[in-house]
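Presented below is the structure to which this report refers.
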2 protein chains.
Amino acid sequence: MSRAETPRRAGRQGRAGIRDVAAAAGVSITTVSDALNGKGRLPDATRRHVREVAERLGYRPSAAARTLRTGKSGLIGLTVTTYGDEPFTFTEFAYFAEMARAATSAALARGYALVILPATSRHSAVDVWSNVALDGTVVIDPSDHDPVVLELVRQGLPVVSDGRPAGTLPVTAWVDNDHEAAVLDLLDHLAAAGARRIGLLTGTTTDTYTRLSTQAYLAWCQRVGQDPVYESYPAHDPCAGAVAADRLLARPDRPDAVYGLFDPNGTDLLAAARRYGLRVPEDLLLICCSESTVYANTEPPITTLSLKPRRIGTAVIQLLIDAIEGIEHDRPIEQVIPTELIVRTSSQRRPPRTTVSPPRSPAPDN
Amino acid sequence: MSRAETPRRAGRQGRAGIRDVAAAAGVSITTVSDALNGKGRLPDATRRHVREVAERLGYRPSAAARTLRTGKSGLIGLTVTTYGDEPFTFTEFAYFAEMARAATSAALARGYALVILPATSRHSAVDVWSNVALDGTVVIDPSDHDPVVLELVRQGLPVVSDGRPAGTLPVTAWVDNDHEAAVLDLLDHLAAAGARRIGLLTGTTTDTYTRLSTQAYLAWCQRVGQDPVYESYPAHDPCAGAVAADRLLARPDRPDAVYGLFDPNGTDLLAAARRYGLRVPEDLLLICCSESTVYANTEPPITTLSLKPRRIGTAVIQLLIDAIEGIEHDRPIEQVIPTELIVRTSSQRRPPRTTVSPPRSPAPDN
DNA sequence: CGACCATGCAGAAACGTGACTGCTGCTGGG
DNA sequence: CCCAGCAGCAGTCACGTTTCTGCATGGTCG
């Protein structure tokens with residue numbers, strides 16, 4: 001009683017606390033808390049009065065205190081694979097941006113915010129990971145024994161991964177495309193368009209996407225009895241892609257159709273084809289995996305495989321928030337998102353129509 | 001004493017607390033805190049012992065409790081302009097992605113993490129803004145009397161904006177390009193290449209970038225005595241850009257050079273030029289403002305104006321963290337980042353060389 | 001030999017909120 | 001008329017840190 005009487009330096013160089021509101025409204029802090037959070041049993045008059053006073057004082061509850069008390073921060077970590085100092089790589093650019101955009105939107109709609117965090121725990125002098133209170137984490141393409149993921153699950157935090165986890169990584173759930181099916185379907189499409197020898201532009205990295213896609217290509221080749229024709233390059237190096245595209249078309253066993261696994265491969269292959277005087281699609285059929293809309297307006301427009309990053313981003317967030325809020329599914333959830341082959345001129349020997357291409361559409365659902 | 005004796009349910013269904021470490025190490029929690037944070041006066045033996053025990057128990061300090069106690073969360077808000085439900089618009093896509101990438105990297109290097117937040121306070125049922133403890137905020141292109149910014153500065157939080165604030169918005173600091181100078185320089189470049197009538201593809205929105213750029217265009221026209229030739233469209237609609245590009249080239253007073261303010265304008269204008277049988281650059285000179293590297297490999301390659309988003313993102317973060325950490329500059333800081341005109345074939349009547357274009361460079365500093 | 005100081009550590013008070021417990025006065029039924 | 005029950009609210013603890021204050025102990029110097 002003796003200390004409680006001190007009027008508490010009201011808003012001393014900072015925001016008003018719940019105590020200031022209680023004092024100003026002539027009630028206890030319990031009543032303030034209950035009134036603002038819609039709990040307890042209070043008459044509407046008191047509730048309105050307290051809310052009015054809180055509004056007048058510009059009271060905002062301390063997020064830190066609430067987090068400490070409730071154990072929920074409303075924050076979701078989003079790890080991005082880092083090469084060197086930069087978060088997310090050049091080749092993943094459009095994909096990651098689209099995926100992050102959808103994830104951000106989905107998280108905000110459910111009252112959560114995303115925190116961008118590095119894939120490595122020791123990115124700077126202080127460990128940013130342990131400095132932020134997370135309710136859960138989304139990891140993109142985690143490696144086999146990702147130490148960050150292991151540490152997070154050890155702490156009991158739900159972890160959902162974009163891309164099926166390699167090895168025995170104990171994630172709460174994952175979302176991925178069916179990469180084998182996508183590649184097989186796409187190769188059949190090229191073969192149906194008249195391709196006799198299909199080449200592949202792939203990466204030297206061992207991530208799941210590259211590995212599964214390449215394996216599917218090799219399996220397809222074996223099935224139809226074609227010798228594999230492919231070039232690998234470090235996908236994080238934007239220069240190397242153009243060089244590898246050139247190498248692929250310079251081979252003695254030059255393919256008459258190429259699938260490029262990474263986003264810039266389309267323009268790379270197109271430029272290389274021009275250098276060798278190859279017409280697309282007459283001499284060379286072309287498909288690349290990309291989310292970029294520029295391929296709708298290239299000369300010629302290029303067929304792309306979309307991994308539907310927006311659907312993936314949304315799905316990942318829904319699964320994670322369900323896990324956070326205890327909407328428990330019993331066993332590890334695996335969700336497979338279908339890909340979409342956006343067929344354009346570059347993969348068709350007979351372009352369906354020779355009219356001018358209309359202005360590109362907004363592509364509402366990729 | 002009576003209560004302190006209870007061994008504190010060690011790590012009951014959660015992480016070990018500082019008290020568990022203290023008990024296990026046989027010291028007080030003060031000693032643990034000092035040992036781990038490098039404070040106080042402790043012999044190295046004690047320090048090492050405590051760290052060992054903490055490591056063994058897998059102790060991680062609670063970020064929420066630390067934030068509550070110290071008042072610093074290590075989190076920086078990043079607002080993105082939302083159109084409809086989606087964070088950041090299509091036209092700002094590459095710019096925003098690059099800028100956010102650099103900002104993320106710069107923040108992590110100084111021990112801070114970025115939280116992506118919506119520009120509007122009421123994006124969902126709960127107010128995400130008041131649910132997260134921020135040390136400061138980066139706002140991109142704030143509107144004249146942005147209520148979020150006003151609320152933040154009222155709370156005493158530092159706010160740094162990307163784009164000079166309109167009106168009397170009380171930001172702590174801002175970073176921007178010199179848009180007038182960039183446009184004037186670019187128009188001179190086109191005129192020097194032989195352009196007689198330069199057109200503009202601009203937006204209907206009233207943001208600072210669009211406004212300043214358009215004003216500079218009009219001022220340049222007046223100076224050289226050319227009638228302005230421009231088309232406006234809602235920049236957030238990806239379809240409208242293609243239509244506006246078509247409209248611009250369909251005019252009776254068709255320009256022989258065009259500058260497009262937004263990222264997709266390059267491919268839009270190129271497609272429109274093809275439809276009207278205009279050769280680039282022989283019949284039509286082309287420049288657009290873009291950060292995308294696809295314009296290095298289009299047919300022909302298109303000259304672009306880069307706003308240097310990575311330098312802007314880095315600068316914004318440095319100014320903000322300086323403000324947070326009390327490295328005070330006395331008055332509102334304004335930092336102007338120069339733009340860069342990346343000259344390619346589309347803006348040169350005589351292409352400097354007709355050799356094949358080499359694989360594009362990694363563009364280390366845009 | 002006694003006073004003083006540096007060293008090594010423990011106790012306890014915050015930080016601001018949420019939630020449990022419990023106290024008071026009023027009302028209605030037996 | 002009395003007591004059970006409930007509405008309406010206040011007190012108090014706990015969340016897990018950081019940090020201020022302060023108490024011992026042992027060594028040193030006048």
Side-chain angles (χ1 to χ4, degrees), chain A residues 1-6 8-23 25-50 54 57 59-74 130-133 155, chain B residues 1 3-6 8-23 25-50 54 57 59-74 130-131 133 155:
Chain A
M1 182 63 87
S2 60
R3 298 187 53 263
E5 277 174 5
T6 68
R8 170 171 171 76
R9 64 280 189 269
R12 189 209 56 160
Q13 88 114 353
R15 297 146 44 180
I18 198 174
R19 278 192 284 261
D20 303 312
V21 178
V27 296
S28 74
I29 58 171
T30 303
T31 304
V32 175
S33 178
D34 284 348
L36 296 182
N37 294 342
K39 307 208 170 172
R41 4 167 236 210
L42 298 179
D44 280 354
T46 311
R47 222 174 272 275
R48 259 182 287 121
H49 176 226
V50 169
L57 295 187
Y59 166 72
R60 294 275 175 264
S62 153
R66 173 175 291 176
T67 298
L68 176 59
R69 184 61 236 246
T70 63
K72 297 289 167 209
S73 67
S130 64
N131 251 345
V132 44
Q155 286 179 26
Chain B
M1 179 63 85
R3 299 188 54 263
E5 276 174 4
T6 70
R8 170 172 171 74
R9 65 280 188 271
R12 188 209 56 159
Q13 87 114 350
R15 298 147 43 181
I18 198 175
R19 278 192 284 261
D20 303 313
V21 178
V27 295
S28 75
I29 58 173
T30 305
T31 304
V32 175
S33 179
D34 284 348
L36 295 181
N37 295 342
K39 308 210 168 167
R41 358 166 243 211
L42 298 177
D44 280 353
T46 310
R47 224 174 270 274
R48 259 182 288 119
H49 175 226
V50 169
L57 295 186
Y59 167 72
R60 295 275 176 261
S62 152
R66 173 174 293 175
T67 298
L68 176 60
R69 182 62 231 241
T70 63
K72 296 289 166 210
S73 66
S130 64
N131 251 346
Q155 286 180 24

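So that the names make sense, note that chain A is the first sequence line, chain B the second, and so on, each numbered from 1.
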When the distance from [atom1] of [X] to [atom2] of [N] is rounded to whole Å, what number comes out?
| X | N | atom1 | atom2 | answer |
| --- | --- | --- | --- | --- |
| B:Arg19 | C:dA12 | CZ | P | 14 Å |
| A:Asp44 | D:dG8 | CG | C1' | 13 Å |
| A:Leu68 | C:dA14 | CG | P | 17 Å |
| B:Asp20 | D:dG16 | CG | C1' | 11 Å |
| B:His49 | C:dC9 | NE2 | P | 11 Å |

With distance as the sole test, does B:Ser73 use its side chain to make a donor-acceptor pair with the main-chain N or O of B:Ala133 at under 3.5 Å?
-> yes

Which value, rounded to the nearest 0.5 Å, describes the distance between B:Tyr59 atom OH and B:Asp20 atom CG?
->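 Separation between the atoms: 9.5 Å.
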
Gap between atom CZ of B:Arg66 and atom CG of A:Asn131 - 0.5 Å precision | 5.5 Å

Search all heavy atoms of [X] against all heavy atoms of [Y] and return the closest pair with its distance.
| X | Y | answer |
| --- | --- | --- |
| B:Ala65 | A:Leu68 | CB-CD1, 3.8 Å |
| A:Ala25 | A:His49 | O-CE1, 3.2 Å |
| A:Val27 | A:Val50 | CG2-CG2, 4.2 Å |
| B:Arg47 | B:Leu42 | NH2-N, 3.4 Å |

Nucleotide nearest B:Arg41 (side chain, heavy atoms from C-beta), chosen from C:dG8, D:dC15, C:dG16 | C:dG8

Proximal nucleotide (of D:dG16, D:dC9, C:dA10) relative to the B:Thr31 side chain |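 So the nucleotide nearest the side chain must be C:dA10.
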
What's touching nucleotides 18-21 of chain C from the protein side, N or O pairs under 3.5 Å?
{"from": "C:dG18", "atom 1": "OP1", "to": "A:Asn37", "atom 2": "ND2", "distance (Å)": "3.4"}
{"from": "C:dG18", "atom 1": "OP1", "to": "A:Arg66", "atom 2": "NE", "distance (Å)": "3.0"}
{"from": "C:dG18", "atom 1": "OP1", "to": "A:Arg66", "atom 2": "NH2", "distance (Å)": "3.2"}
{"from": "C:dG18", "atom 1": "OP2", "to": "A:Ser33", "atom 2": "OG", "distance (Å)": "3.2"}
{"from": "C:dG18", "atom 1": "OP2", "to": "A:Asn37", "atom 2": "ND2", "distance (Å)": "3.4"}
{"from": "C:dG18", "atom 1": "N2", "to": "A:Arg69", "atom 2": "NH1", "distance (Å)": "2.5"}
{"from": "C:dG18", "atom 1": "N3", "to": "A:Arg69", "atom 2": "NH1", "distance (Å)": "2.3"}
{"from": "C:dA19", "atom 1": "OP2", "to": "A:Lys39", "atom 2": "NZ", "distance (Å)": "3.3"}
{"from": "C:dA19", "atom 1": "N6", "to": "A:Thr30", "atom 2": "OG1", "distance (Å)": "3.3"}

Can you run down the side-chain hydrogen bond (donor to acceptor under 3.5 Å, both in side chains) pairs that involve residues 29-38 of chain A, sequence neighbours left out, and say none if there aren't any?
->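 Sorted result for residues 29-38 of chain A: A:Ser28-A:Thr31.
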
To 10°, what angle do the rotation axes through the five end pairs on each side of the helix from C:dC1-D:dG30 to C:dG30-D:dC1 form?
->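 It comes to 60° between the two terminal axes.
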
Please figure out whether B:Ala65 or B:Thr46 has its closest DNA chain C nucleotide nearer the 5' end.
->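 Closest to the 5' end, via its nearest nucleotide, is B:Thr46.
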
Under 4.0 angstrom, heavy atoms only, what part of the nucleic acid is B:Thr67 near: base, sugar-phosphate, or nothing?
-> nothing

Base, sugar-phosphate alone, or nothing: which one does B:Arg47 contact when heavy atoms must sit under 4.0 Å apart?
->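 Nothing, no nucleic acid heavy atom in range.
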
Check whether any side-chain nitrogen or oxygen of A:Ser62 sits under 4.0 Å from OP1 or OP2 of C:dG16, and answer yes or no.
-> no

